[in-house]
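Heads up, the thing below is written out as C-alpha cells.
Every value quoted in this text rests on a predicted model; they were computed, and no experiment measured them. In what follows, residues are counted from 1 in the order of the sequence shown.
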Amino acid sequence: MLKRFENLSISRKLQIVNLVLLGSVTFITTLLLSLIMYNTLLTDSQNNARTLLSVLAESSNAALVFQDPRAAEEALAHLHKVADIVHAEIYDLQGKLFASYARSTSERVPTKYDKQRYMQSSTMGRLFLNVQQPIKRAASDQEQIGIIGLQLDLSAAYKQLAFQLLIVLIAGLLTFIALSVILNRLQTSITQPLIELTEAMRRVSTHGDFTAHTAITSQDEIGELSDVFNVMVQEISKREASLNSELTERRRIEDRLSRIANFDAITNLPNRHSFNNQIDRALLNYKYDRERFALFFIDLDNFKFVNDTYGHHAGDLLLSIVAERLRNVLRTDDFVARLGGDEFVVLISNHTVLLQISTIAEKIIEELNLPFLVENHEVFIGASIGISICPDNGDQSELLQSQADSAMYQAKNLGKNNYQYYQEELLFAQENRLKIEAELRRSLDRKEIIPYYQPIIDIPSGRIAGFETLVRWIKTDGTIISPDDFIPLSEELGLIIDIGEHVMQTAIKQTAEWVNQHGTIFTAVNFSSRQFKLHHLALDVVNSLKASGLAHRHFEMEITESVLMDNTSNSLETLNRLSKEGISISIDDFGTGYSSLSYLTSFPVNKIKIDKSFVSKLPSDKNALAVVTAIIGIAYTLNLKVVAEGIELQEQLDCLAKLGCQYGQGYFFSRPVPAVRATELLALDRAKHI
Ligand code: C2E
Ligand code: CA
Ligand code: CA
C-alpha cells in the first residue's frame with residue numbers, strides 16, 4: 001500500500017494528502033460543533049426547567065402552608081403558556097398529590113409521590129427532561145413542606161438543533177470544497193512546472209534536442225531550477241557543437257593521413273603499403289578458402305624517354321593516364337597499385353583459369369599500346385608484364401613478388417611489350433613432384449595421415465547421428481594438407497590403398513570406443529574407386545570390423561557415382577557382399593555426377609548425400625531448390641536415407657528441414673575435427689539429449 005503510494009506522481013500524492021487532511025479536519029470540526037451544540041441544548045433546557053420550578057415552588061408554598069390546592073392548581077395552570085411542559089405536580093410532605101397540571105388529558109397523574117418518576121436523568125438522546133425540587137416554607141427557610149416536579153418535552157428543541165446541525169454541515173462541506181479548489185490550484189502551480197521541466201529534460205536526454213528549454217518564469221525555487229536548466233542545456237549544446245567540429249576535423253586529418261599513407265599522390269592509386277596489405281589479405285583468403293590469385297608486375301616501356309624528353313610534369317601526367325586505363329581494363333574487385341617509378345602491380349582474384357589471366361594481360365598491353373596525349377604531344381609507350389600465381393608458384397608474399405618481378409624481366413628480355421608467366425617453377429615441377437611423392441610415401445610411417453571427423457546431425461532431433469571420416473595429412477612442421485590436394489596423387493601412386501586401409505581401421509577403432517561409451521553411432525568412411533578395384537576390399541572391411549568388435553550397422557561406406565560407373569561388375573560384386581554383411585552404402589556428391597538414376601535401384605544403395613554445391617545455394621536459388629527437392633523426393637520414393645552436406649547457414653538448415661531432409665552435415669554444426677574433439681562433441685551432445 002505504502003509502496004503503491006510512493007510510486008504515485010507528486011501531484012497525485014498531494015491530491016490524496018489534501019483530500020485526507022481536508023476531509024478529516026472538516027469532519028472533526030463538524031463533529032465537535034455538533035457535540036457542543038447538543039450539550040448547550042441540554043444544559044439550557046435543564047436551567048430553564050429549574051428556573052421555572054423555583055418560580056413555581058415559591059408561588060405555591062403559600063398554597064401548601066394554607067392547604068389551598070386550588071391556589072396551587074391556578075399557579076400551575078400558568079404552565080400552559082410554556083409549550084414544552086408536558087406535566088407538573090405538587091406533592092405534600094406525606095407524598096400525597098396536592099395539585100397537578102397536564103397538557104393533555106390522557107396524562108395519568110400518580111396520586112402518590114413517585115421519586116423514580118423525576119429521577120430519570122436527562123441523558124443523551126432522551127426526548128423528555130424530568131426535574132424536581134423541594135418546596136420550602138419560605139425562601140429563607142430550610143423547612144421543606146412539599147415537592148414539585150415537572151416534565152419537559154425536548155422534541156422542539158431537538159428539531160431546532162437538527163436544523164442548526166444541517167447548517168453547520170453545509171458550511172463544513174462548502175469549506176471543504178473551497179479549500180480543495182484552492183489547494184488543487186496551489187498543487188498544480190507546483191507540479192506543472194516540474195512536469196514541463198521533466199519533459200524538457202527528456203527531450204535533451206533522449207532526442208539530444210538542445211533547443212529544448214523551459215519557459216517557466218516564476219521567481220520561486222522552481223523558476224530558479226528552470227533558469228539553471230536552461231543555462232545548462234545551452235552549455236551542453238555549445239560543448240557538443242565544439243566536440244563535433246573537433247571530431248570532423250580529426251576525421252578529416254585522419255582521412256588525409258590515411259590517404260597519404262595508402263595512396264599515391266600522382267595517380268591516386270593505392271601505393272606499395274596498401275599493396276602489401278592487399279596481398280596479405282589475398283594470401284589469407286587462399287589459406288582459408290583456397291581462393292587462387294594472380295600477381296602482375298607491370299613495368300612501362302619507354303617511360304624514361306618521355307620523362308627525359310618532355311619533363312617530369314609530362315611524366316606524371318602520363319602515369320595518371322596509365323592508372324586510369326588500368327582501372328578501366330580491370331574489374332572493380334581486382335586490385336591495382338603503383339609501386340613507384342613506372343612500376344604498377346595488379347592482383348587478380350577468383351581467376352583460376354590461365355586463359356582468363358592471359359586475356360587480362362593481353363588487354364592491359366593492348367590498352368597501354370594506344371597513343372597517349374601528354375601536353376599536346378602524342379607519345380607511345382608499352383608495358384612488360386610478369387605474372388606469378390598463388391598457389392602454383394608459391395604462397396608467400398615475397399616469393400610471389402620476386403617471381404612476378406623476374407617474369408617481368410624475362411618479358412623485357414624477350415623484347416618488351418609482352419607478358420610472361422613465372423617459368424622457373426615449371427622447370428622444377430618434376431623435381432617438386434618427386435619430392436612430394438617421397439614425402440607422401442613416408443607420411444604413413446611418420447603417422448602424418450590423421451583422420452578427422454565431422455558430425456552428421458539427425459535434423460529432426462538435432463542429435464549427432466554419426467560422423468564422416470575425412471582424412472588430413474599433417475606434416476611434421478604442422479602444415480595441414482587437405483585430401484583434395486593429396487588423394488588424387490596417392491590414387492595415382494597406388495598409395496590410396498594403404499592410406500585408405502589406415503583411415504578405415506582408425507575410424508573403426510574410434511567408432512567402437514564411441515559405441516561403447518555412448519551407444520548407437522555410425523561412422524562413414526570415404527572410399528575411392530581405386531580401392532574398389534581391390535578384390536579383397538569387402539573382406540578387408542569385414543575383418544577390420546571383426547577385429548574391433550564393431551557391429552556392422554555402425555559402419556558406412558561413402559562412394560561417388562564414379563565407383564558405380566567404373567569397372568561395374570567388380571564394384572557390384574563387392575557392394576553386394578558388403579550390403580549382405582549389413583554395411584550401409586552412401587552415394588557421395590549426389591547430383592553432380594552421372595545423374596543416372598537407374599543405378600540407385602540396381603546397386604545396393606542405402607543413403608544419398610546431396611552435394612554441397614546445391615546446399616550452399618539454398619534457399620534463394622530456384623534451380624538448387626528444385627534439385628534438392630527432387631533428390632529428397634527420389635530418396636523418399638526409393639526408401640533411401642538422405643544427408644545434406646555443406647550446411648553453413650541456419651536458413652539452409654531451415655529450408656532442408658522443411659523439405660524433410662533427415663540428416664545434415666556442415667560447418668554450421670561443426671568443421672571436421674580431430675578425434676579428441678569429436679569425442680567431446682559427442683559427449684556434450686549426449687548430455688544435452690539425455
Ligand atoms: P567429400 O566426401 O565430399 O567431403 C566433404 C567435404 O566437404 C570435406 O572436405 C569437408 O571438410 C567439406 N565440408 C564439410 N562441411 C562443409 C561446409 O559446410 N562447407 C564447405 N565449404 N565444405 C564443407 P575435405 O575434408 O577437404 O575432403 C575433401 C574430399 O576428399 C572429400 O569430399 C572426399 O571426397 C575426399 N576424402 C576425404 N577423406 C578421404 C578418405 O579417407 N579417403 C578417400 N578416398 N577420400 C577422402
Ligand atoms: Ca564424403
Ligand atoms: Ca561430398
Side-chain angles (χ1 to χ4, degrees), residues 1-41 43-44 160-256:
M1 181 77 178
L2 201 65
K3 194 109 210 114
R4 262 176 58 188
F5 181 74
E6 276 172 9
N7 290 340
L8 293 176
S9 66
I10 291 186
S11 71
R12 201 97 198 103
K13 276 184 197 157
L14 285 177
Q15 262 173 4
I16 291 175
V17 170
N18 282 352
L19 220 69
V20 170
L21 278 183
L22 271 183
S24 10
V25 167
T26 320
F27 176 72
I28 292 169
T29 317
T30 317
L31 192 74
L32 279 178
L33 263 176
S34 314
L35 281 177
I36 291 168
M37 282 163 71
Y38 177 71
N39 209 35
T40 317
L41 168 89
T43 31
D44 281 1
Q160 199 187 342
L161 178 68
F163 178 67
Q164 286 168 351
L165 281 182
L166 187 71
I167 289 175
V168 167
L169 216 65
I170 292 172
L173 209 66
L174 288 177
T175 317
F176 175 77
I177 293 170
L179 283 179
S180 294
V181 171
I182 292 170
L183 282 177
N184 215 32
R185 284 265 168 86
L186 189 66
Q187 171 237 309
T188 333
S189 77
I190 295 172
T191 52
Q192 191 52 39
L194 284 180
I195 292 172
E196 279 174 30
L197 205 55
T198 316
E199 189 44 46
M201 285 181 180
R202 188 170 295 133
R203 268 165 56 203
V204 173
S205 62
T206 51
H207 307 298
D209 175 8
F210 292 112
T211 60
H213 76 282
T214 61
I216 303 161
T217 49
S218 62
Q219 297 299 314
D220 55 11
E221 290 88 335
I222 292 174
E224 208 170 309
L225 185 64
S226 98
D227 273 352
V228 172
F229 169 77
N230 289 340
V231 172
M232 187 183 79
V233 170
Q234 262 174 19
E235 278 305 308
I236 296 179
S237 127
K238 264 191 230 155
R239 213 167 294 171
E240 170 97 353
S242 87
L243 214 70
N244 270 343
S245 75
E246 207 173 288
L247 216 70
T248 336
E249 178 60 15
R250 195 180 298 175
R251 246 182 242 138
R252 217 171 51 82
I253 293 171
E254 272 170 9
D255 282 354
R256 251 185 36 209

Side-chain polar contacts of residues 244-253 - donor-acceptor pairs under 3.5 angstrom, sequence neighbours left out - could you list them?
| unit_1 | atom_1 | unit_2 | atom_2 | d |
| --- | --- | --- | --- | --- |
| S245 | OG | S242 | O | 3.1 |
| T248 | OG1 | N244 | O | 2.5 |
| E249 | OE1 | R252 | NE | 3.3 |
| E249 | OE1 | R252 | NH2 | 3.3 |
| E249 | OE2 | R252 | NH2 | 3.1 |

Using residues 176-185 as the side-chain source, report each donor-acceptor pair under 3.5 Å to any protein atom, sequence neighbours left out, with the distance given to one decimal.
| unit_1 | atom_1 | unit_2 | atom_2 | d |
| --- | --- | --- | --- | --- |
| S180 | OG | F176 | O | 2.9 |

Exercise. Near E6 CD, under 6.0 Å, is it more than 12 heavy atoms from other residues, nucleotides or ligands?
Worked result: yes
For this session: Go through the steps for S237 and Q234 under the test side-chain contact (heavy atoms from CB on, under 4.5 Å), then give the verdict.
Result: CA-CA 5 Å; S237 127; Q234 262 174 19; 5.8 Å; no
Exercise. Who passes side-chain contact (heavy atoms from CB on, under 4.5 Å) against V228, sequence neighbours left out?
Worked result: none
For this session: Measure across T30 and T26 and return the closest heavy-atom pair with its distance rounded to 0.1 Å.
Result: OG1-O, 2.5 Å
Exercise. T43 and T40: which non-hydrogen atoms are nearest, and at how many Å?
Worked result: OG1-O, 3.1 Å
Exercise. For V168 and M37, what are the C-alpha separation, side-chain angles and deciding distance, and is it a side-chain contact (heavy atoms from CB on, under 4.5 Å)?
Worked result: CA-CA 10 Å; V168 167; M37 282 163 71; 4.0 Å; yes
Exercise. What distance do L22 atom CG and T175 atom OG1 have between them, rounded to the nearest 0.5 Å?
Worked result: 9.5 Å
Exercise. How far does CD of Q15 sit from CG of N18, to the nearest 0.5 angstrom?
Worked result: 8.0 Å
Exercise. Taking only residues at least two apart or on different chains, which pairs with a member in residues 201-210 satisfy side-chain hydrogen bond (donor to acceptor under 3.5 Å, both in side chains)?
Worked result: E199-R202, R203-D209, D209-T211
Problem set entry | Heavy-atom side-chain contact between Y38 and L165 under 4.5 Å | no
Exercise. Any side-chain heavy atom of I195 sitting closer than 4.5 Å to one from Q192?
Worked result: yes
Seminar exercise, completed: Value for CD1 (I28) from CG (L33), rounded to nearest 0.5 Å, stands at 12.5 Å
Seminar exercise, completed: Rounding to 0.5 Å, atoms CG (L161) and CG (L166) come to a distance of 11.0 Å
For this session: Output the distance between atom CG (L225) and atom CE (M232), rounded to the nearest 0.5 Å.
Result: 9.0 Å
Exercise. What residues, two or more places apart in sequence or in another chain, satisfy side-chain contact (heavy atoms from CB on, under 4.5 Å) together with I16?
Worked result: F5, L8, V20
Problem set entry | All salt bridge (Lys or Arg N to Asp or Glu O under 4.0 Å) counterparts of K238, not counting sequence neighbours | E235
Exercise. Measuring from I236:CD1 to L243:CG, what's the distance to the nearest 0.5 Å?
Worked result: 12.0 Å
